[in-house]
Amino acid sequence: MTVRVRFAPSPTGSLHIGSVRTTIYNYFFARQHKGTLILRIEDTDQDRLVAGAVESLYEGLRWMGVTWDEGPREGGPHAPYIQSERLPLYQRAAQDLIDKGAGYFCFCSKERLAALRAQQAANRQITRYDRHCRSIEPKEAAERAKTEPHVVRLKVPDDGVIAVDDLVYGRVEWPIETIEDQVILKSDGFPTYHLAVVVDDHAMGITHIFRGEDWLPSTPKHLLIYQAFGWTVPPIAHFPNVLGQDGKKLAKRHGATKVEQFRADGYLPEAMVNYLALIGWAPGTEEEVFTMDDLVQRFRIDQVQKAGGKWDRDRLDWFNGVWIRRLADPDLIGRLDPFMPAEWDRDVIRKALPLMRERMRTLVEGRELVRFLFTDELTVDAAALVPKKQDRGAAARALARATAALRDVTPFEEAEIEAALRRVSEELGWHIREVSHVVRVATMFGPIGLPLFDSLELLGTERTMARLAHAADILGEGPRGGTRADA
RNA sequence: GGCCCGUUCGUCUAGAGGCCCAGGACGCAGCCCUCUCAAGGCUGAGAUCAGCGGUUCGAAUCCGCUACGGGCUACCA
């Protein structure tokens with residue numbers, strides 16, 4: 001039997017980290033088993049639709065490197081793959097259940113239902129539907145259904161136990177009396193999630209049902225629907241939730257949760273996939289840097305964690321750094337490109353690359369690292385120019401010496417620049433660190449981490465000299481009058 | 001309130017009765033390297049395995065209870 005798994009998001013917002021994690025687990029499993037991956041859009045709640053959500057989904061997953069075989073745009077043998085376009089199927093299924101005596105029309109108003117719930121809650125009773133319409137004669141109900149607004153509910157058995165053998169959580173049981181007569185078809189003719197998911201999974205030949213942990217409590221409802229249809233239930237696995245720092249299910253209020261945000265912040269899809277895969281799954285070895293292909297090969301359902309895992313930005317940042325360092329030069333350049341202003345000289349960026357690559361955790365940080373090479377707009381603060389344990393006058397003198405020494409350096413290259421500055425430090429009796437500090441702040445506008453000598457070479461003689469002169473002015477003027485440079 | 005799930009360093013986790021007075025990684029601290037910052041290397045702090053009772057010669061690993069946390073409880077998914 002060939003594996004067919006699906007991921008079935010609701011288009012209610014932009015692609016979310018939590019659902020991505022579930023999606024990649026589906027992906028790993030499908031590809032590992034040379035199976036078929038299906039994308040199905042579950043848009044049965046017309047009130048919650050968000051424009052552009054499907055687009056965001058496609059864009060986000062494409063970026064992450066997740067591909068699938070059947071879906072709304074890809075088509076496939078079970079098209080359409082959007083639930084709102086499959087309404088007749090669900091309506092027929094609901095009618096089927098009614099005909100079998102496993103479902104019934106319910107004419108209760110939302111007001112009655114709300115009042116019922118309120119009353120039950122006030123009496124500290126279990127809030128559940130009181131089966132008011134269950135006793136209406138089928139013929140009479142069918143007749144009323146022609147004119148009256150109604151829903152279809154599932155006839156849940158009175159007692160017994162229903163259980164699932166979850167691939168992650170093991171056996172989970174529910175007393176049937178805790179389950180109410182679920183609405184399966186809404187008054188607008190749309191199915192509820194519960195009906196739609198069962199009908200579609202069956203119709204589309206889904207062999208394994210994988211979804212987030214938050215669905216575990218509604219599994220008995222689905223089991224009962226399978227039972228009512230007389231269908232066999234495929235193996236089911238729930239994956240633990242991704243949690244925010246407070247231990248609650250990751251949500252918008254936890255900060256960045258959309259993949260497009262991480263993309264814009266300069267994260268690599270490789271790092272996202274790698275990091276996300278390791279929340280809730282571990283290979284049982286001490287390895288932890290994995291490509292998508294590695295993960296497809298190594299992932300195992302029985303190694304999936306039961307407990308939810310907290311989102312840890314620091315760890316993601318580390319993985320991102322790892323993946324940036326792993327990229328080949330041309331690849332890294334390509335990734336960096338969209339983050340660099342168009343007017344910045346790509347040639348210079350290419351030359352700066354070896355200096356940057358071990359110093360950025362995100363592509364955005366990479367951009368900030370080389371900003372000084374492309375703009376003179378940044379300002380220097382006089383106090384920042386003065387090394388620790390030195391005073392302003394000394395800094396001014398050192399700057400003057402360095403300027404003089406640098407002026408004559410030819411060729412203006414890293415080794416020669418270093419030699420010149422080392423000579424200055426000897427003459428001054430300063431540590432090279434202190435000389436570097438002054439020159440660094442003067443030319444790079446701050447304690448930028450790139451190596452100074454290489455950076456000056458990239459900057460070139462002219463701009464280096466101009467910036468040194470400018471810094472000298474700042475040091476010389478100062479609010480306290482300062483000491484004039486003596487050179 | 002009801003139903004269900006979970007609980008190993010701050011975080012992600014290894015661990016499926018003796019190899020564990022618990023290993024790795026992130027983060028943190030220190031040292032080395034070093035023009036700064038990173039990267040890299042080394043070292044260190046950090047978990048009485050939620051608690052309590054059992055089973056066993058022996059328990060993080062098996063059982064029970066309790067506590068705490070979480071999810072669900074809609075004509076939302």
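Proteins get letters first, then strands, A, B, ... in listed order; numbering begins at 1 in each. Any value given below was found using the heavy atoms of this structure, including those in side chains, with hydrogens, waters and symmetry copies removed.
- Look at CG on A:Asn320: it is 15 Å from P on B:rC26, rounded to the nearest Å.
- Remark: A:Asp201 engages A:Arg6 in a salt bridge, criterion side-chain N to carboxylate O under 4.0 Å.
- The side chain of A:Pro175 sits closest to B:rC4 out of B:rU13, B:rC4, B:rG24.
- Separating the CD atom of A:Glu173 from the P atom of B:rC72 is a distance of 23 Å, rounded to the nearest angstrom.
- Within 4.0 Å of A:Thr12, counting heavy atoms only, lies no atom of the nucleic acid at all.
- Using a cut-off of 4.0 Å between Lys/Arg side-chain N and Asp/Glu carboxylate O, A:Asp454 and A:Lys351 are scored as not salt-bridged.
- For A:Asp45, the side-chain atoms get nearest to B:rA77 when compared with the rest of B:rA77, B:rA74, B:rA14.
- Using a 4.0 Å heavy-atom cutoff across all strands shown, A:Gly280 reaches sugar-phosphate atoms only and no base atom.
- Electrostatic pairing of A:Asp166 and A:Lys306 does not count as a salt bridge here, judged by no charged N lying under 4.0 Å from a carboxylate O.
- The residues A:Glu42 and A:Arg40 are annotated as salt-bridged, a charged nitrogen and a carboxylate oxygen being separated by less than 4.0 angstrom.
- Listed candidates were B:rC4, B:rC12, B:rC26. Nearest to the side chain of A:Val172 is B:rC4.
- Using a cut-off of 4.0 Å between Lys/Arg side-chain N and Asp/Glu carboxylate O, A:Arg315 and A:Asp312 are scored as not salt-bridged.
- When the C1' atom is compared between B:rU61 and B:rC49, the two are found 10 Å apart, to the nearest whole Å.
- Candidate nucleotides B:rA39, B:rU73, B:rC4 were compared by shortest atom distance to the side chain of A:Glu358, and B:rA39 ranks first.
- Ranking B:rC75, B:rC35, B:rC4 by closeness to the A:Pro451 side chain, first place goes to B:rC35.
- Cation-pi check for A:Arg153 over A:Tyr129 is met; the charged atom lies under 6.0 angstrom from the ring centroid and within 45 degrees of its normal.
- Out of B:rA77, B:rG6, B:rU73, the shortest distance to the side chain of A:Lys186 is found at B:rA77.
- Of all nucleotides listed (B:rG70, B:rA77, B:rC26), B:rC26 comes nearest to the side chain of A:Arg315.
- Below the 3.5 angstrom threshold, one finds no donor paired with an acceptor across the side chain of A:Thr178 and the base of B:rC3.
- Considering only the side chain of A:Tyr169, B:rG6 comes nearest among B:rA74, B:rC75, B:rG6.
- Along RNA chain B, the nucleotide nearest to A:Leu243 and the one nearest to A:His431 differ in position, and the one closer to the 5' end is contacted by A:His431.
- Sequence order on RNA chain B of the closest nucleotides to A:Arg433 and A:Ala8 puts A:Arg433 first from the 5' end.
- Atoms CD (A:Glu365) and P (B:rA38) sit 11 Å apart, rounded to a whole Å.
- Ion pairing between A:Lys186 and A:Asp188 fails under the 4.0 Å rule for side-chain N and carboxylate O.
- Summarising the geometry, the separation between CD on A:Glu180 and C1' on B:rU73 is reported as 8 Å, rounded to the nearest angstrom.
- Atom CZ of A:Phe239 is separated from atom P of B:rG71 by 20 Å (rounded to the nearest Å).
- If you check every strand for non-hydrogen atoms under 4.0 Å, A:Leu450 touches a base.
- When heavy atoms are screened at a 4.0 angstrom cut-off, A:Arg128 is found touching no nucleic acid atom at all.
- At the heavy-atom level, A:Gln305 lies under 4.0 Å from the strands shown only through sugar-phosphate atoms.
- Across the protein-nucleic acid pair, A:Lys249 atom NZ and B:rG70 atom C1' stand 10 Å apart, rounded to whole Å.
- Nucleotides B:rG70 and B:rG64 are separated by 23 Å at their C1' atoms, to the nearest Å.
- For the P atoms, the distance linking B:rC32 with B:rC37 amounts to 13 Å, nearest Å.
- Rounded to whole Å, the separation between the P atoms of B:rG10 and B:rC35 comes to 39 Å.
- Here A:Leu452 lies in heavy-atom contact (under 4.0 Å) with a base.
- Only the P atoms considered, B:rA74 is 23 Å distant from B:rG69, to the nearest whole Å.
- When the P atom is used for both B:rG54 and B:rG41, the distance is 48 Å, rounded to whole Å.
- In summary, the aromatic rings of A:Trp68 and A:Phe7 are positioned with their centroids under 6.0 Å apart.
- In this structure, A:Ile176 atom CD1 and B:rU73 atom P are separated by 19 Å, rounded to whole Å.
- Spacing of C1' atoms, B:rA77 relative to B:rA25, comes out at 35 Å, to the nearest Å.
- Of all nucleotides listed (B:rC35, B:rG71, B:rA77), B:rA77 comes nearest to the side chain of A:Thr192.
- Atom pair A:Glu288:CD and B:rG23:C1' shows a separation of 13 Å (rounding to whole Å applied).
- Side chain A:Arg440 to base B:rC35: a donor-acceptor pair is found below 3.5 Å.
- Taking the P atom of each, B:rA38 and B:rC31 are spaced 13 Å apart, rounded to whole Å.
- Residue A:Arg325 is classed as a sugar-phosphate contact, given heavy-atom separations below 4.0 Å to backbone atoms only.
- Of the candidates B:rC26, B:rA77, B:rG71, the closest approach to any side-chain atom of A:Asp314 belongs to B:rC26.
- Residue contacts for A:Arg422: at a heavy-atom cut-off of 4.0 Å it reaches the sugar-phosphate backbone alone, with no base atom in range.
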